[in-house]
Amino acid sequence: MTLVFAFDRDWTVDVNPHPRHEAVPLGWVRHLAHETDHTVYAIGNQTLAEEAAIPGVVDIVGRHDDAWDEWLGGKQPDGYYEQFPLRRERLSLIEDLHPDADGYIVIDDLDLSDVAGWEHYHAWDFVPAVEQGDIDPALPWARDPVTDGGRPTTAGVAPVDESHLSSWLSDHRDAQGFELTYSDADGVSTVLVSDISVAAVRLEEPSKAPGARCTPFAPGKDRFVVGIEAIKHVATLNISAEEAQRLTAQAETLTEEAVLLRRLAAANPSAVRVSPVLSVLDREATAPLQQREALQALRSIAGVHPEDCTPAVPILRSLLSDSDIISPDDALAILSSVGECSPGAIASATTVVTPYLDSNRVSARREAAACIAHIASADPSDAVDAVPGLATVIQDDADGTSDAVAALTDVASEYPEAVVPVAESLGTVVLDETQPDDVRLYATAALGRAVETDPSLSVDIVDDVAQLLTAENPRLRNNAVALLFDVSSVHTDAVEPFVDHIADLLTVEDAYTRVNASGTLARVAEDFPTSVEDVTPTFVDRLADDESAVRENACWALGYLRAADSEDALRERLQEDADKGVRARASWALSRLEA
């Protein structure tokens, strides 16, 4: 049997694991690639290609004749390609390379189960599937033990002492649950527990004999402590959907059911159906404790299967409109998870989410910003009314700033006038060196849209933006000069003091930066030719630039400068340039020299 595996990296492999779920060990990826007959690719963060020594997206495209330009294009100065195939397109390209494979398996925190021919696993589903022998029984990690209770488990131990049990529990801290067999006054009992802790007993009751504190799955059962010497066997437990339903059916009260749903969802969210959780939430008489437990259960499910939680949106919308909601951050986190895979599904909740952008609860504010960012990505018009709240998040330098900036950028792309009132907030992000570069890039893009709409903003921001002309990040530097290009359309006087810094960008490798820098200086040259005349030799050189827009801008500048030394080079452009726009602008520039 020969399988093809496609691995994402982030929130999938243990070099960057999901904060709440099990990850695939990097050693497994390497073993599959180099010690078996299976084929393995890196389809997400391409760092994995190097870490596991496996082919990545560039290798995949490279193995398709004549497909390079279609899927990647040219390589940019910052090391990135002009474009990249989408995740599902990458899988299709891989499948084309291996038409005779026995199966195709993709492991990704994104839900790719809709891709025909591919079997999708989240990392936390893939690991137990491998260990149970469902993927390939020949793999060294495949095990198939079954406890005395007849339930599927992956590992077990008969503890010798406290240290032995503590070490074993540490190795299996991500287990979905445990089956515990121990002796008591009634003989020998077997019980399913969601958690076992030796340390808790030692810390809370150090004078007592070594014991383990256990939290049972069974509803209505309190935590209990069992002595180490009484424990016969402990085995990790895989909570199946059937097991979850069996346990839930034992609940005698709504509170017991809510608590059990939360425990089961925390153990294995894939095993818990959404409908019983919604049943707990969608009641007029739901108590605060029941509501909190049900929301936490739904949050666990949404983190793995957000598409299943779409029916919860109306209920969550109603709960968030109530100021007495016990756990708004959980409700907002669920909406955010749903919005990540289906942003349009949560658009109707915008009006109830927006007030939480100003919440005193940090986690609620963070999740609200994430919700609005998802909503704005699908339809910016739905997020226009949230702009003041998004600015508040930024002004407070709160958790959620990156999502707030992303949302404002999407709004600005279609409704730039809406972000004009919050331009100052965007400006603080642009200059904040503690912010990630991608966040600052988004902020400069949104700010540029605002300036296009209201050029008067430029007078206040140009000094700050000019500081980025020497930024190390070439993309950030380009966005800054692009913004100055917008400013120069109305206020060349505001840009004129920075001619020397802009001129330094005329010869950088990045074509976009050269276009923006040459265009900005051409505009300044029209109003302040003496400030730009020292750049004349560089503009003459730029007449041979590979980028036609740079050549055209150079013609503009030389015409405004009436640069007599450029006549021969301009005539060469007029006679030989392949671009019609360059030829036309060279003719205009020559007419200025002759006037």
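These numbers were taken from a predicted model, which means no experiment stands behind them.
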Looking at [atom1] of [X] and [atom2] of [Y], how far apart are the two atoms once the value is rounded to the nearest 0.5 Å?
{"X": "Asp330", "Y": "Leu295", "atom1": "CG", "atom2": "CG", "answer": "6.0 Å"}
{"X": "Glu340", "Y": "Ile346", "atom1": "CD", "atom2": "CD1", "answer": "10.0 Å"}
{"X": "Arg440", "Y": "Gln435", "atom1": "CZ", "atom2": "CD", "answer": "8.5 Å"}
{"X": "Leu93", "Y": "Arg88", "atom1": "CG", "atom2": "CZ", "answer": "14.5 Å"}
{"X": "Asp438", "Y": "Ser402", "atom1": "CG", "atom2": "OG", "answer": "7.5 Å"}
{"X": "Ile60", "Y": "Glu89", "atom1": "CD1", "atom2": "CD", "answer": "12.0 Å"}

Quick check: does any side chain N or O of [X] sit under 3.5 Å from a backbone N or O of [Y], one acting as donor and the other as acceptor?
{"X": "Tyr356", "Y": "Leu320", "answer": "yes"}
{"X": "Ser359", "Y": "Ala364", "answer": "no"}
{"X": "Gln291", "Y": "Ile326", "answer": "yes"}
{"X": "His120", "Y": "Leu110", "answer": "yes"}
{"X": "Asp174", "Y": "Glu22", "answer": "no"}
{"X": "Thr286", "Y": "Asp282", "answer": "no"}
{"X": "Asp14", "Y": "Pro17", "answer": "no"}
{"X": "Asp102", "Y": "Thr2", "answer": "yes"}
{"X": "Glu307", "Y": "Cys341", "answer": "no"}

Would a 4.5 Å heavy-atom cut-off, applied to side chains only, mark [X] and [Y] as touching?
{"X": "Asp136", "Y": "Met1", "answer": "yes"}
{"X": "Tyr121", "Y": "Ile135", "answer": "yes"}
{"X": "Leu192", "Y": "Pro216", "answer": "no"}
{"X": "Thr354", "Y": "Asp385", "answer": "no"}
{"X": "Ser170", "Y": "Arg173", "answer": "yes"}

Do the side chains of [X] and [Y] get close enough for a salt bridge, i.e. N-O under 4.0 angstrom?
{"X": "Asp396", "Y": "Arg365", "result": "yes"}
{"X": "Asp329", "Y": "Arg361", "result": "yes"}
{"X": "Arg9", "Y": "Glu50", "result": "no"}

Distance-minimising heavy-atom pair for [X] and [Y]:
{"X": "Val422", "Y": "Ala391", "result": "CG1-CB, 3.4 Å"}
{"X": "Leu426", "Y": "Ala446", "result": "CD1-CB, 3.8 Å"}
{"X": "Ala386", "Y": "Leu357", "result": "O-CD1, 3.9 Å"}
{"X": "Trp11", "Y": "Trp124", "result": "O-CZ3, 3.9 Å"}
{"X": "Gln176", "Y": "Ile239", "result": "OE1-N, 2.6 Å"}
{"X": "Leu237", "Y": "Phe178", "result": "CB-N, 3.9 Å"}

[X] and [Y]: side-chain donor and acceptor closer than 3.5 Å?
{"X": "His31", "Y": "Thr36", "answer": "no"}
{"X": "Arg449", "Y": "Ser413", "answer": "no"}
{"X": "Glu417", "Y": "Thr453", "answer": "no"}
{"X": "Ser363", "Y": "Arg366", "answer": "no"}

Look at the rings of Phe7 and Phe5 and say which category their plane angle falls in: under 30° parallel, 30 to 60° tilted, over 60° perpendicular.
parallel

Are there more than 12 heavy atoms of other residues, nucleotides or ligands under 6.0 Å from atom CD of Glu51?
yes

Neighbour count above 12 (heavy atom, 6.0 Å) for Phe217 CZ
yes

Run the side chain to side chain donor-acceptor pair (under 3.5 Å) test on Gln290 and Thr255 for me, step by step, so that the C-alpha distance in whole Å, both residues' side-chain angles and the decisive distance to 0.1 Å come before the verdict.
CA-CA 5 Å; Gln290 298 162 357; Thr255 298; 2.9 Å; yes

Can you name the one residue among Tyr104, Trp118, Tyr41 that meets ring-ring contact (aromatic ring centres under 6.0 Å, His included) with His98?
Tyr41

How far apart are the C-alpha atoms of Ser425 and Gln395, what are their side-chain angles, what is the distance that settles it, and do they pass the side chain to side chain donor-acceptor pair (under 3.5 Å) test?
CA-CA 6 Å; Ser425 297; Gln395 291 162 3; 2.9 Å; yes

Let me know which of Asp114, Asp111, Asp8, Asp109 forms a salt bridge (charged side-chain N to carboxylate O under 4.0 Å, His left out) with Arg87.
Asp8

When the aromatic ring centroids of His305 and His122 are compared, is their separation below 6.0 Å?
yes

Run the numbers on Arg263 and Glu293 for salt bridge (Lys or Arg N to Asp or Glu O under 4.0 Å), then give the verdict.
CA-CA 9 Å; Arg263 289 178 180 173; Glu293 297 288 316; over 6 Å; no

Scan Leu48, Ile107, Asn45, Thr47 and name whichever one has a side-chain contact (heavy atoms from CB on, under 4.5 Å) with Val13.
Leu48

Going through the distances and angles, do Thr190 and Leu180 end up as a side-chain contact (heavy atoms from CB on, under 4.5 Å)?
CA-CA 6 Å; Thr190 297; Leu180 171 68; over 6 Å; no

Please test Arg90 against Glu95 for salt bridge (Lys or Arg N to Asp or Glu O under 4.0 Å), starting from the C-alpha separation and ending with a verdict.
CA-CA 9 Å; Arg90 299 172 200 178; Glu95 189 174 353; over 6 Å; no

